[in-house]
Amino acid sequence: MARIAGVNIPTQKRVVIALQYIHGIGPKFAEKICSAVGIPAERRVSQLTDAEVLQIRETIDRDYIVEGDLRREVSQNIKRLMDLGCYRGLRHRKGLPVRGQRTHTNARTRKGPAKPIAGKKKA
């Protein structure tokens with residue numbers, strides 16, 4: 001099992017798909033990494049040599065912010081917005097949608113499960 005950026009990537013999947021298990025690497029960056037290292041698209045992780053895995057690891061460490069560093073950076077950005085007291089920071093603080101979505105209906109992912117209102121009759 002190959003371990004890249006602190007993540008065990010699945011061995012039976014294609015390299016482009018397996019790299020996406022790393023937080024911060026999506027389809028576009030996975031393709032870029034494979035082309036930079038020179039790995040064909042149909043190659044599977046189990047078929048990689050140790051040298052190729054090492055090349056992938058070095059490329060990711062050198063060129064991309066992934067996993068713990070990325071999570072830390074994102075949480076610091078959110079904390080900064082909250083400390084500033086700007087509109088987006090207030091929305092984060094209250095646990096409401098940040099990007100202008102409606103809240104009259106929907107927004108259940110951010111707001112949590114619906115709380116019943118006392119005295120309200122069902123239609």
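Just so it is clear, the values below take in all heavy atoms, side chains as well, and ignore hydrogens, waters and symmetry mates.
The distance from the NZ atom of Lys13 to the CG atom of Leu19 is 12.5 Å, given to the nearest 0.5 Å. Atom CD of Glu58 and atom CG of Asp63 lie 11.0 Å apart (nearest 0.5 Å). Summarising the geometry, atom CD1 belonging to Ile4 is positioned 5.0 Å from atom CD1 belonging to Ile56; distances are rounded to the nearest 0.5 Å. A distance of 14.5 Å separates CD of Gln76 from CZ of Arg71, quoted to the nearest 0.5 Å. Rounding to the nearest 0.5 angstrom, the gap separating the CZ atom in Arg88 from the CG atom in Leu81 is 5.0 Å. Asp69 contributes atom CG, which lies 8.5 Å from atom CD of Glu73 (distance to the nearest 0.5 angstrom).
Lys111 contributes a side-chain N or O that, together with a main-chain N or O of Thr103, makes up a donor-acceptor pair within less than 3.5 Å. Remark: side-chain polar atoms of Arg93 are paired, donor with acceptor, to backbone N or O of Met82 under 3.5 angstrom. Panel note: side chain Arg91, backbone Pro97; a donor-acceptor pair is recorded below 3.5 Å. Glu67 places no side-chain N or O within donor-acceptor distance of the main-chain N or O of Ala5, the cut-off being under 3.5 Å.
The nearest pair of heavy atoms linking Cys34 to Val15 is SG-CG1, 3.7 Å.
Cluster membership check: Leu70 does not share its hydrophobic cluster with Ile60, using side-chain heavy-atom separations under 4.5 Å among Ile, Leu, Val, Met, Phe, Trp and Tyr.
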Review point. Hey, mind stepping through Gln101 and Asn106 against side-chain contact (heavy atoms from CB on, under 4.5 Å) and telling me if it holds?
Key: CA-CA 9 Å; Gln101 297 92 331; Asn106 303 334; over 6 Å; no
**Request:** Walk me through it: do Arg57 and Arg62 pass the test side-chain contact (heavy atoms from CB on, under 4.5 Å)?
**Result:** CA-CA 9 Å; Arg57 197 175 293 135; Arg62 185 180 61 241; over 6 Å; no
Task: Arg3 vs Ile9, side-chain contact (heavy atoms from CB on, under 4.5 Å): CA-CA, chis, key distance, verdict - done: CA-CA 6 Å; Arg3 189 165 175 84; Ile9 60 174; over 6 Å; no
What's the verdict on side-chain contact (heavy atoms from CB on, under 4.5 Å) for Lys79 and Leu84, showing C-alpha distance, side-chain angles and the deciding distance?
CA-CA 9 Å; Lys79 188 178 182 316; Leu84 283 173; over 6 Å; no
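Two residues are said to be in side-chain contact when any heavy atoms from C-beta on lie closer than 4.5 Å; Arg108 and Pro113 fail this criterion.
A 6.0 Å sphere centred on OH of Tyr64 holds more than 12 heavy atoms belonging to other residues, nucleotides or ligands.
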Indicate every side-chain donor-acceptor pair of residues 37-54 with a distance under 3.5 Å to a residue at least two apart or in another chain.
from: Arg43; atom 1: NH1; to: Glu52; atom 2: OE2; distance (Å): 3.4
from: Arg43; atom 1: NH2; to: Glu52; atom 2: OE1; distance (Å): 3.2
from: Arg43; atom 1: NH2; to: Glu52; atom 2: OE2; distance (Å): 3.3
from: Arg44; atom 1: NH1; to: Gln12; atom 2: O; distance (Å): 2.9
from: Gln47; atom 1: OE1; to: Arg44; atom 2: N; distance (Å): 3.2
from: Thr49; atom 1: OG1; to: Glu52; atom 2: N; distance (Å): 3.3
from: Glu52; atom 1: OE1; to: Thr49; atom 2: N; distance (Å): 3.1

